[in-house]
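Order of the sequence lines sets the chain letters (A, B, ...), proteins ahead of strands, with each chain counted from 1.
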Amino acid sequence: VFSYNMVIDCFCKAKMMGKAMETLGVMAKRGIFPNLVTFNTLIAGYCKDRNVIKARAMVLVLFDHGFKPDVFTFSSIIDILCRVNQITDAFDCFLEMVEWGIKPNAITYNSLIRSLCISGNVIKAMKLLRKMQVDGIRPDVYTFNALIQNYCKVKKIDKAQRLLSSMLSLDLRPDNFTYAAFINSLCESGRFVEAKDLFNSMEENRCRPDAYTCNSFVDALVNSGRFEDAQDVWLKCKEKGIVLK
RNA sequence: GCUAUUUCGAU
């Protein structure tokens, strides 16, 4: 089963759902019983494909085989509902999950928080962050990045900075997603000096800038006519072996 | 040993 699951997962990740389902058929023919992971993988595949209908149908197939959905199943479904903007359904699903006695984890919360942020419901997103912590689930870097990215995008950088502090107090290390959000937002607000200071502090905070962060920073500097700074950053990246476009 | 979450569009 494990081997078949891996093959199915590869097809799913390559968005070859036909092949993935074919493989499920092959298993049946050879008398190999699929397990919960097999179905979760297929469900995640349909979700990646944005096919809510097929994903939901697959949950029924999961039941037909005598399995019960788990936190993976629910998280996949909740995430796809969020992505297709059916946030109400996503929350219904979340409640259903709890009724089933399945404990949501950080990943489950992250999908909901992220989609609340995207749909402009930051207040609700922050409330959910608090609820999550009350329920004893530790937020992770994804949780904070979703919120920080949102605050940075709407240029509420002070709010984002407050979140950064709580993140640090929880021993969570900001990553390139975090830094890029701040740097891009600071540049867009004309706060280039702060952007540069933050960029330069990355290494000492044990976060190696990646191509995305560097490219977008250099780009912002060039577009605002700050050629010297741009060259400076560009050279630093080159020194570190970061490949820029 | 197998499954789920973060960059809407910078380059």
Q: Would you mind reading off the distance between A:Phe72 atom CZ and B:rA4 atom P, rounded to a whole angstrom?
A: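 Rounding to the nearest Å, CZ of A:Phe72 and P of B:rA4 are 7 Å apart.
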Q: So, using ring pair (Phe, Tyr, Trp, His ring centres under 6.0 Å) as the criterion, who are the partners of A:Phe63 when residues are at least two apart?
A: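 For A:Phe63 the ring pair (Phe, Tyr, Trp, His ring centres under 6.0 Å) partners, ignoring immediate neighbours, are A:Trp100.
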Q: Need one value for A:Ala180: base, sugar-phosphate or nothing, where a base atom within 4.0 Å counts as base even if backbone is also close, heavy atoms only.
A: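 No contact.
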Q: Without swapping roles, check the side chain of A:Asn215 against the backbone of A:Ala211 for a donor-acceptor pair under 3.5 Å.
A: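 Such a contact is found between A:Asn215 side chain and A:Ala211 backbone.
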Q: At under 4.0 Å between heavy atoms, what does A:Asn145 touch on the DNA or RNA strands: base, sugar-phosphate, or nothing?
A: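 A:Asn145: base contact, heavy atoms under 4.0 Å.
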Q: My understanding is that only residues two or more places apart in sequence, or in another chain, count here; which of them pass side-chain contact (heavy atoms from CB on, under 4.5 Å) with A:Thr41?
A: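 Per chain and number, A:Thr41 pairs via side-chain contact (heavy atoms from CB on, under 4.5 Å) with A:Ile8, A:Asp9, A:Cys12, A:Val37.
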Q: Please give me every residue in residues 100-108 of chain A whose heavy atoms get under 4.0 Å of an atom in RNA chain B, ordered by residue number.
A: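 By residue number: A:Asn105, A:Ile107.
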Q: Looking at residues 149-176 of chain A, who's got a heavy atom less than 4.0 Å off RNA chain B?
A: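 A:Gln149 - these, ordered by number, are the residues of the stretch whose heavy atoms sit under 4.0 Å from the strand.
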Q: Between C1' on B:rU5 and CE on A:Met132, what's the gap in Å once rounded to a whole number?
A: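 These atoms are roughly 10 Å apart.
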Q: Could you list by number each residue of residues 116-131 of chain A showing a heavy-atom separation from RNA chain B of less than 4.0 Å, or answer none if no residue does?
A: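 Going residue by residue through residues 116-131 of chain A, none turns out to have a heavy atom under 4.0 Å of RNA chain B.
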Q: So, A:Tyr142 and B:rU5: ring centres less than 5.5 Å apart, planes less than 30° off, yes or no?
A: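 The ring of A:Tyr142 is stacked on B:rU5.
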Q: Taking all non-hydrogen atoms of both residues into account, name the closest pair between A:Ser75 and A:Asn105 and its distance.
A: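 In terms of heavy atoms, the two residues are closest at OG-OD1, 4.2 Å.
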Q: If I take atom CG in residue A:Leu81 and atom C1' in nucleotide B:rU5, what distance separates them, rounded to the nearest angstrom?
A: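 A:Leu81 atom CG is separated from B:rU5 atom C1' by 14 Å.
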Q: Which residue pairs pass the side chain to side chain donor-acceptor pair (under 3.5 Å) test with at least one member in residues 148-160 of chain A, sequence neighbours excluded?
A: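 Side chain to side chain donor-acceptor pair (under 3.5 Å) check on residues 148-160 of chain A returns A:Lys155-A:Glu188.
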Q: Evaluate whether atom CD of A:Glu203 has more than 12 neighbouring non-hydrogen atoms of other residues, nucleotides or ligands under 6.0 angstrom away.
A: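 Yes, the 6.0 Å shell around CD holds more than 12 heavy atoms from other groups.
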Q: Just how far, in rounded Å, is P of B:rG1 from CG of A:Asn5?
A: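 From A:Asn5 CG to B:rG1 P: 14 Å.
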Q: Within the distance-only criterion (no hydrogens, no angle test), does the side chain of A:Ser76 pair as donor or acceptor with the backbone N or O of A:Ala44 below 3.5 angstrom?
A: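 Not confirmed, A:Ser76 side chain does not pair with A:Ala44 backbone.
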Q: Tell me whether A:Leu95 at atom CG has more than 12 heavy atoms from other residues, nucleotides or ligands lying less than 6.0 Å away.
A: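 Yes, because the 6.0 Å sphere around CG of A:Leu95 holds more than 12 heavy atoms from other groups.
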Q: If we take the C1' atom in both B:rU7 and B:rU3, what is their distance in whole Å?
A: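 It works out to 24 Å between them.
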Q: Which other residues end up in the same hydrophobic cluster as A:Phe11, if Ile, Leu, Val, Met, Phe, Trp and Tyr are linked when side-chain heavy atoms come under 4.5 Å apart?
A: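 Noted: A:Phe11 shares its cluster with A:Val7, A:Met16.
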Q: Among B:rA4, B:rU3, B:rU5, which is the nearest nucleotide to the side chain of A:Ser76?
A: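 The closest nucleotide is B:rA4.
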Q: Output one line per pair: protein atom, nucleotide atom from nucleotides 9-11 of chain B, and distance, for all N/O pairs under 3.5 Å.
A:
residue, atom, partner, partner atom, Å
B:rA10, O2', A:Asp219, OD2, 2.1

Q: Quick check with a 6.0 Å cut-off and a 45 degree axis cone: is A:Arg114 positioned over the face of A:Tyr142's six-membered ring?
A: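 No, a cation-pi geometry is absent between A:Arg114 and A:Tyr142.
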Q: Only pairs at least two apart or in different chains count here, so list each side chain to side chain donor-acceptor pair (under 3.5 Å) that has a residue in residues 43-68 of chain A.
A: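 Found none.
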Q: Can you check the A:Ile77 CD1 to B:rU3 C1' distance for me, whole Å?
A: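 Distance, rounded to whole Å: 13 Å.
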Q: Going by ring pair (Phe, Tyr, Trp, His ring centres under 6.0 Å), A:Tyr109 matches just one of A:Phe91, A:Phe94, A:Phe144. Which one?
A: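 Passing option: A:Phe94.
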Q: Rounded to whole angstroms, how far apart are CE on A:Met6 and C1' on B:rC2?
A: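 To the nearest whole Å, that distance equals 5 Å.
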Q: Please give the distance between the C1' atoms of B:rG1 and B:rU5 as a whole number of Å.
A: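 Those two atoms are separated by 23 Å.
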Q: Between A:Thr143 and A:Gln133, is there a side-chain heavy-atom distance shorter than 4.5 Å?
A: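 A side-chain contact is absent here, since even the closest heavy-atom pair is not under 4.5 Å.
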Q: Measure the spacing between CD1 of A:Ile113 and CG of A:Asn121 and express it to the nearest 0.5 Å.
A: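 The distance works out to 12.5 Å.
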Q: Residues two or more places apart in sequence or in another chain: which of them pass side-chain contact (heavy atoms from CB on, under 4.5 Å) with A:Asp210?
A: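 Partners of A:Asp210 by the side-chain contact (heavy atoms from CB on, under 4.5 Å) criterion, ordered by chain and then number, come out as A:Asn176, A:Tyr212, A:Thr213.
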Q: Where along residues 183-204 of chain A does a heavy atom come under 4.0 Å from RNA chain B, residue by residue in number order?
A: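 Residues of residues 183-204 of chain A under 4.0 Å from RNA chain B: none.
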Q: Using a distance-only test with no angle check, is there a side-chain donor-acceptor pair under 3.5 angstrom linking A:Asn35 and A:Asn5?
A: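 Present: a donor and an acceptor within the cut-off.
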Q: Rounded to whole Å, how long is the line connecting atom CD1 of A:Ile148 with atom C1' of B:rU7?
A: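 After rounding, the reported distance stands at 13 Å.
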Q: State plainly whether the residues A:Lys19 and A:Glu22 are in salt-bridge range, i.e. N to O under 4.0 Å.
A: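 Salt bridge between A:Lys19 and A:Glu22, a charged N being under 4.0 Å from a carboxylate O: yes.
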Q: Can you check whether A:Arg173's main-chain N or O pairs, donor with acceptor, with A:Arg206's side chain at less than 3.5 Å?
A: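 Looks like no, no N/O pair under 3.5 Å.
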Q: Can you tell me how far P of B:rU5 sits from CD1 of A:Ile137, to the nearest Å?
A: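 A:Ile137 atom CD1 is separated from B:rU5 atom P by 18 Å.
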Q: Could you list by number each residue of residues 47-65 of chain A showing a heavy-atom separation from RNA chain B of less than 4.0 Å, or answer none if no residue does?
A: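 None, since no heavy atom is under 4.0 Å.
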Q: Kindly point out which of B:rA4, B:rU7, B:rC2 is positioned nearest to the side chain of A:Ser75?
A: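 That would be B:rA4.
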Q: Heavy-atom distance under 4.5 Å between the side chains of A:Met202 and A:Pro174, does that happen here?
A: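 No - every pair of side-chain heavy atoms lies 4.5 Å or more apart.
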